[in-house]
Amino acid sequence: MSAQTLYDKLWNSHVVRQDADGTALIYIDRQLVHEVTSPQAFEGLRLAKRRPWRIASMLAVPDHNVPTINRAAGISDPVSRIQVETLDANCAEFGITEFKMGDIRQGVVHVMGPEQGATLPGMTVVCGDSHTSTHGAFGALAHGIGTSEVEHVMATQCLVAKKSKAMEVRVEGQLGYGVTAKDIALTVIGKMGTAGGTGYAIEFTGSTVRALSMEGRMTLCNMAIEAGARAGMIAADEVTFAYLEGRPFAPQGVMWEQAVSQWRHLHSDEGAVFDASLVLDAAEIHPQVTWGTSPEMVVSIEGCVPNPLDLSGEKREGAERALVYMGLTAGTPITKINIDKVFIGSCTNGRIEDMRAAAMVARGKKVAANVKLALVVPGSGLVKLQAEQEGLDQIFIQAGFEWRDPGCSMCLAMNDDKLAAGERCASTSNRNFEGRQGQGGRTHLVSPEMAAAAAIAGHFVDVSKQ
Amino acid sequence: MEKFSKINGLVAPLDRANVDTDAIIPKQFLKSIKRAGFGPNAFDEWRYLDHGEPGMDNSKREINPDFVLNQSRYQGSQVLLTRENFGCGSSREHAPWALADYGFRVIIAPSFADIFFNNCFKNGLLPIRLDADTVEILFKAEAANAGFKLDIDLEAQTITAPDGTVYSFDVDPFRKHCLLNGLDDIGLTLQHMDEISAFEAKHRAAQPWL
Ligand code: SF4
């Protein structure tokens with residue numbers, strides 16, 4: 001057989017049937033469920049008198065709407081409350097495992113799944129959420145899907161899909177001090193543009209990627225969607241296995257050995273051909289800061305806000321509009337931009353390693369006087385617990401950060417954590433679209449280290465120089 | 001999805017062109033977590049005199065007596081007769097959900113907005129395009145006869161008026177097959193149920209930890 005890419009292997013091992021035009025039924029191993037995109041799917045099942053095909057493949061958690069403070073009082077916004085209550089009721093009705101708001105295992109769906117070992121190498125994983133690409137970090141094929149597809153997968157255990165093209169993003173060499181997986185992701189998006197990956201499944205390869213922890217790999221795959229790719233993935237290796245071993249949903253004992261021996265094949269074969277490729281030198285990646293309203297509007301911390309006049313056509317118009325929205329002037333050094341708020345968390349950077357990295361920077365320092373709010377929101381209850389056992393919460397609290405309960409929080413501002421109009425935020429999340437963190441709010445995407453450093457300085461600073 | 005073969009349905013006339021999906025189901029109802037139960041809010045702004053919000057008890061609201069669907073002769077109607085470009089505007093699937101939940105099975109118009117037209121088939125609603133002259137004839141016939149019903153036969157692709165006139169209509173063969181057999185996208189996939197089960201058995205035998 002000819003050399004296959006990881007994507008070929010994952011795709012081929014899940015095709016139930018394929019039509020002449022390439023439309024295939026793909027078998028789904030794991031469906032993650034949250035409160036925002038599932039209610040109509042459950043309703044559809046009920047209306048058609050259907051049952052989920054394989055309840056054991058499903059795992060549910062409320063995350064988008066949950067408050068990060070004063071949980072005992074419940075959810076005050078009625079729309080949010082109803083969505084969460086509906087998820088609880090649907091899971092109870094169909095017998096689906098759910099980690100409810102009070103459960104220590106509750107968290108952002110893309111943090112919770114891997115943490116539980118519910119995402120395993122070789123799986124197909126879907127969730128009604130675009131950042132499902134995160135799970136590709138385990139050598140899995142992970143897709144975000146829409147609500148009607150959520151219902152389709154529930155009812156049939158299959159997704160109707162066509163195979164994408166395969167792209168290799170190879171990063172070689174050693175990352176500099178203070179440079180993280182988030183900076184790789186933003187650099188890639190800056191180079192490719194937010195549509196660069198459209199129609200592709202991206203595999204991240206190279207020595208830099210292999211040297212990343214699972215947390216870093218998840219950060220990278222999480223942002224594949226912001227490059228336009230529906231899926232991002234990384235070959236499974238010892239780092240993957242070490243992360244998964246002993247997790248609640250991972251196989252144990254003899255079965256673990258059996259699984260690992262199969263998982264060792266989950267990489268692109270020598271000589272496998274990709275439809276496109278991008279090669280980066282790790283030494284040339286610097287800490288990144290977005291300046292605009294799309295993740296591709298990004299520069300190095302050493303750079304300046306670009307001048308739209310240097311761009312042409314649509315890009316120029318886009319940049320002009322973005323600068324107005326962001327309240328920025330062309331030519332301003334990024335390090336001269338003051339911030340009002342800081343958000344450390346989300347499915348991009350809400351894991352224990354992110355908490356540690358931010359705490360390292362904040363240790364013994366104080367949040368600057370011009371920063372009104374610096375939020376640290378762990379990605380899950382277990383991340384929170386672990387961080388507290390390591391004393392990270394105290395480091396944050398003493399530095400003047402707020403230490404919150406897990407959820408999506410200010411990543412999309414569906415709960416009370418939001419920016420007011422005009423407020424500027426250093427955020428470790430993944431989208432800087434207009435209004436994403438609150439109407440009129442201005443988002444700059446950065447790594448956890450960069451966010452913490454900005455909180456302390458009151459403006460962006462180069463952590464690689466500290 | 002409910003199968004559709006034949007109905008003998010009471011006709012309700014909605015004599016307007018360009019009825020958009022926001023008129024069919026206003027945006028405030030999109031916050032709902034449901035997709036059933038939109039029927040009482042179909043055409044909400046035209047049907048009631050007050051402003052509707054989700055969660056209101058619709059039976060207590062003041063009805064607009066001038067809106068055609070509120071007239072007693074149209075209660076229980078299953079066929080909506082209307083004008084050009086029905087279902088234009090936002091792509092919300094809540095619009096066909098609302099119409100189907102209200103009780104309509106067929107919509108007859110000279111033309112439909114594209115996405116709306118497609119969404120109808122996914123939800124057991126049959127949209128029928130007839131030329132504008134025929135639609136005009138039907139409007140007149142309905143106005144002259146209270147209790148005006150049409151026989152609609154999807155298999156034969158015909159509409160028969162009470163006076164015996166037969167109108168034929170076009171429908172895409174695949175969509176016709178799906179409607180006749182009650183197959184939505186899920187239903188179509190479930191036609192391959194045996195293949196899925198066979199795949200699943202093999203797949204899980206090879207990876208028992210799944
Ligand atoms: S943390 Fe943000 S991006 Fe991730 S699932 Fe929640 S809302 Fe979506």
Side-chain angles (χ1 to χ4, degrees), chain A residues 13-17 25-30 35-36 38-48 50 53-54 56-57 78-79 82-87 89-90 117 120-124 147-149 151-160 249-256 258-259 262-263, chain B residues 1-3 25 27-39 53-56 91-94 96-98 100-101 115 118-119 121-125 174 178 181-210:
Chain A
S13 60
H14 289 85
V15 176
V16 174
R17 56 172 283 121
L25 276 185
I26 295 297
Y27 185 82
I28 300 303
D29 296 310
R30 171 72 68 206
E35 78 278 20
V36 180
S38 65
Q40 268 105 356
F42 281 113
E43 179 84 355
L45 285 187
R46 268 194 293 270
L47 283 175
R50 292 183 173 123
W53 180 286
R54 185 161 179 252
S57 70
V79 176
I82 287 171
Q83 286 194 343
V84 172
E85 286 171 355
T86 305
L87 179 68
N90 283 327
L120 296 172
M123 273 186 166
T124 42
T147 296
S148 53
E149 291 175 311
E151 183 185 341
H152 191 279
V153 175
M154 284 178 180
T156 70
Q157 209 60 37
C158 289
L159 183 67
V160 179
F249 284 70
Q252 319 284 342
V254 183
M255 223 188 269
W256 168 257
Q258 195 187 341
Q262 288 193 28
W263 294 343
Chain B
M1 195 172 82
E2 208 177 329
K3 287 184 188 174
I25 182 79
K27 61 177 166 305
Q28 63 269 31
F29 299 103
L30 270 48
K31 277 192 237 161
S32 162
I33 46 152
K34 306 232 158 215
R35 79 181 196 189
F38 288 103
E53 280 294 333
M56 284 169 106
S91 63
R92 65 190 68 160
E93 201 166 327
H94 303 68
W97 294 346
D101 193 60
I115 297 175
N118 290 334
N119 282 340
F121 287 99
K122 289 190 190 165
N123 292 283
L125 267 176
F174 178 68
C178 292
N181 295 290
L183 298 172
D184 49 18
D185 289 354
I186 293 176
L188 283 169
T189 297
L190 288 175
Q191 286 189 312
H192 305 298
M193 200 180 232
D194 294 345
E195 271 174 273
I196 301 171
S197 298
F199 178 92
E200 183 172 58
K202 235 175 49 204
H203 185 68
R204 290 187 49 208
Q207 300 170 76
W209 54 88
L210 288 177

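Protein chains get the first letters and strands the later ones, always in sequence-line order, with residue 1 at the start of each.
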task = Using non-hydrogen atoms and a 4.5 Å limit, figure out which bit of A:W53 sits close to chain B: side chain, backbone, both or neither.
result = side chain
inquiry  = Under 4.5 Å from any heavy atom of chain B, what part of A:R54 do you find: side chain, backbone, both or neither?
reply    = side chain
task = Please examine the side chains of B:D185 and A:H152, heavy atoms only from C-beta on, and report whether any two atoms are closer than 4.5 Å.
result = yes
request  = Measure distances from A:S13 to the heavy atoms of chain B and classify the residue's part below 4.5 Å as side chain, backbone, both or neither.
outcome  = backbone
inquiry  = Taking side chain as everything from C-beta outward and backbone as N, CA, C, O, which of these in A:V160 sits under 4.5 Å from a heavy atom of chain B? Side chain, backbone, both or neither.
reply    = side chain
inquiry  = Do B:W209 and A:Q258 have side chains that approach each other closer than 4.5 Å (heavy atoms only, starting at C-beta)?
reply    = yes
inquiry  = Does atom CD (B:E195) have a neighbourhood of more than 12 heavy atoms from anything else shown, all under 6.0 Å?
reply    = yes
inquiry  = Within this structure, what is the NE2-SG distance for the pair B:H192 and A:C158, rounded to the nearest 0.5 Å?
reply    = 9.5 Å
request  = Using non-hydrogen atoms and a 4.5 Å limit, figure out which bit of A:E151 sits close to chain B: side chain, backbone, both or neither.
outcome  = both
task = Go through the atoms of A:R30 and report whether side chain, backbone, both or neither lie under 4.5 Å from a heavy atom of chain B.
result = neither
ask   = Angle class for the A:H14/B:H203 ring planes (parallel below 30°, perpendicular above 60°, tilted otherwise)?
value = perpendicular
Heavy-atom side-chain proximity of B:Q207 to A:L120 below 4.5 angstrom = no
remark   = Bottom line for A:Q262: the part with an atom under 4.5 Å from chain B's heavy atoms is side chain
ask   = Atom CG of A:L47 and atom CG of B:D184: how far apart are they, to the nearest 0.5 Å?
value = 10.5 Å
task = List the atom of A:V15, the atom of B:F199, and the distance in Å for their closest heavy-atom pair.
result = O-CE1, 3.4 Å
ask   = For B:I186 and A:T156, which heavy atoms make the closest approach, and how far apart are they?
value = CG2-CG2, 3.8 Å
Salt-bridge present (A:E43, B:K34; N to O < 4.0 Å) = yes
ask   = Using non-hydrogen atoms only, which part of A:Q40 is less than 4.5 Å away from chain B: side chain, backbone, both, or neither?
value = both
ask   = Distance from B:E200 atom CD to A:I28 atom CD1, nearest 0.5 Å?
value = 12.0 Å
